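Since the structure comes first, as structure tokens, the remarks are kept for the end.
Quick caveat, the model's predicted, so the values are computed rather than measured.
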Amino acid sequence: MYDTIVFDGVYKSPVGWLGIKLQGNDLIKLDWLEKNTPSKGVLSRNPAVKKIIASLDIYFNKATHPVIPPVSLAGTRFQQRVWRALQNIPFGTVKTYGELAAELKTSSRAIGQACRTNPISILIPCHRVVAANGIGGYVGDARPSQIKQWLLHHEGIH
DNA sequence: CGAGCATCCTCAG
DNA sequence: CTGAGGATGCTCG
């Protein structure tokens, strides 16, 4: 899946490993890893990586949403708009695809598509967007996801 | 332009 | 309850 991507660091969360990819000091990708964990590990001495790891620690240990470190997002103008809107959803609350669509004057499917291409998990909380009837999809899969359920539960949502 | 989406709503059984 | 089907806006080839 990420055969050609070399991450600058990894983070071991309670639900799986996250890969951290930088460009300069900006975070450009934070995504769930499958099985193989890059050899650099969590002990990177890169200060920018350490900063991101600290933010993730805050999210997973203190159960609040951390200040988002500098990111550089590659995407269309529409995707940037959706990703910015996602960052305004507070810890512990959810919105449906339809609600976000109404706010941004677009369609629910377009919201889902933009969520799917979000390059930065957790810090840009695409998991707080749920379907009108159920939990909705995650990481490109329309089926209910264990990770998404865990994250929502972590934020006190049943 | 056409197809594919992490959706939503309605309607028929 | 279930499933089919149309509406929807955006992206990619």
Side-chain angles (χ1 to χ4, degrees), chain A residues 1-23 26-38 52-53 55-60 63-158:
Chain A
M1 185 174 180
Y2 288 128
D3 299 322
T4 60
I5 295 185
V6 177
F7 287 97
D8 296 300
V10 295
Y11 180 86
K12 184 179 187 299
S13 88
V15 259
W17 294 79
L18 288 160
I20 298 165
K21 175 70 180 164
L22 300 176
Q23 184 175 82
D26 290 345
L27 179 63
I28 60 170
K29 197 163 190 64
L30 177 65
D31 217 355
W32 297 104
L33 300 173
E34 278 298 313
K35 40 202 172 199
N36 294 344
T37 56
I52 289 150
I53 290 175
S55 292
L56 292 170
D57 270 337
I58 290 174
Y59 176 83
F60 284 107
T64 62
H65 201 74
V67 173
I68 298 181
V71 296
S72 175
L73 299 175
T76 66
R77 193 146 195 97
F78 174 77
Q79 287 165 345
Q80 310 261 1
R81 214 151 52 90
V82 175
W83 297 339
R84 219 178 350 263
L86 292 182
Q87 298 179 46
N88 291 330
I89 306 179
F91 188 100
T93 69
V94 294
K95 285 190 178 178
T96 65
Y97 296 98
E99 285 169 352
L100 274 173
E103 288 175 19
L104 299 187
K105 303 277 191 281
T106 180
S107 79
S108 40
R109 288 201 102 188
I111 295 289
Q113 192 178 202
C115 288
R116 188 168 60 87
T117 59
N118 168 28
I120 296 178
S121 316
I122 310 292
L123 300 181
I124 296 182
C126 47
H127 57 276
R128 294 191 192 129
V129 188
V130 299
N133 49 358
I135 188 171
Y138 198 60
V139 284
D141 198 341
R143 302 166 49 213
S145 148
Q146 301 273 352
I147 293 180
K148 188 172 184 178
Q149 283 216 16
W150 190 96
L151 294 173
L152 292 176
H153 199 79
H154 175 64
E155 304 193 10
I157 297 158
H158 307 95

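Under a 3.5 Å cut-off, the side chain of A/Lys29 and the backbone N or O of A/Gly19 do not form any donor-acceptor pair. Side chain of A/Trp83 to main chain of A/Ala114: a donor-acceptor pair is present (N/O by atom type, distance under 3.5 Å, no hydrogens or angles). Listed for the A/Lys148 side chain is no donor-acceptor partner under 3.5 Å among the backbone atoms of A/Val139.
Within the structure, salt bridge (charged side-chain N to carboxylate O under 4.0 Å, His left out) contacts touching residues 82-93 of chain A (residues at least two apart or in different chains) do not occur. Among residues at least two apart or in separate chains, side chain to side chain donor-acceptor pair (under 3.5 Å) pairs with a member in residues 128-145 of chain A are A/Trp32-A/Tyr138, A/His65-A/Arg128, A/Arg128-A/Glu155. Residue pairs meeting the ring pair (Phe, Tyr, Trp, His ring centres under 6.0 Å) criterion with at least one partner in residues 86-119 of chain A, sequence neighbours excluded, are A/Tyr59-A/Phe91. The stretch residues 102-115 of chain A participates, sequence neighbours left out, in these side chain to side chain donor-acceptor pair (under 3.5 Å) pairs: A/Lys95-A/Glu103. Applying the ring pair (Phe, Tyr, Trp, His ring centres under 6.0 Å) rule to pairs touching residues 108-134 of chain A yields nothing, sequence neighbours excluded.
By the side chain to side chain contact (heavy atoms under 4.5 Å, CB included) test, A/Pro70 is found to be paired with A/Asp26, A/Lys51, residues two or more places apart in sequence or in another chain being considered. Qualifying side chain to side chain contact (heavy atoms under 4.5 Å, CB included) partners for A/Gln87, counting only residues two or more places apart in sequence or in other chains: A/Ile68, A/Ile124. Looking at residues two or more places apart in sequence or on another chain, you find no side-chain hydrogen bond (donor to acceptor under 3.5 Å, both in side chains) involving A/Thr96.
Heavy-atom distances under 4.0 Å link DNA chain C to no residue of residues 133-158 of chain A. Of the residues in residues 120-132 of chain A, those lying under 4.0 Å from DNA chain B by heavy-atom distance are A/Cys126, A/Ala131, A/Ala132.
Taking a pair as Watson-Crick or G-U with both hydrogen-bonding distances under 3.5 Å, the stems of three or more pairs touching DNA chain B are B:1-5 with C:9-13, B:7-13 with C:1-7.
Counting to the nearest Å, the P atom of B/dC9 and the CD atom of A/Glu99 are 10 Å from each other.
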* To do: At under 4.0 Å between heavy atoms, which parts of nucleotides 6-13 of chain C does protein reach? Answer with one letter per nucleotide, 5' to 3': B base, S sugar-phosphate only, - none.
  => --BBBS--
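Minimum heavy-atom separation, A/Gln80 to A/Gly75: NE2-O, 3.3 Å.
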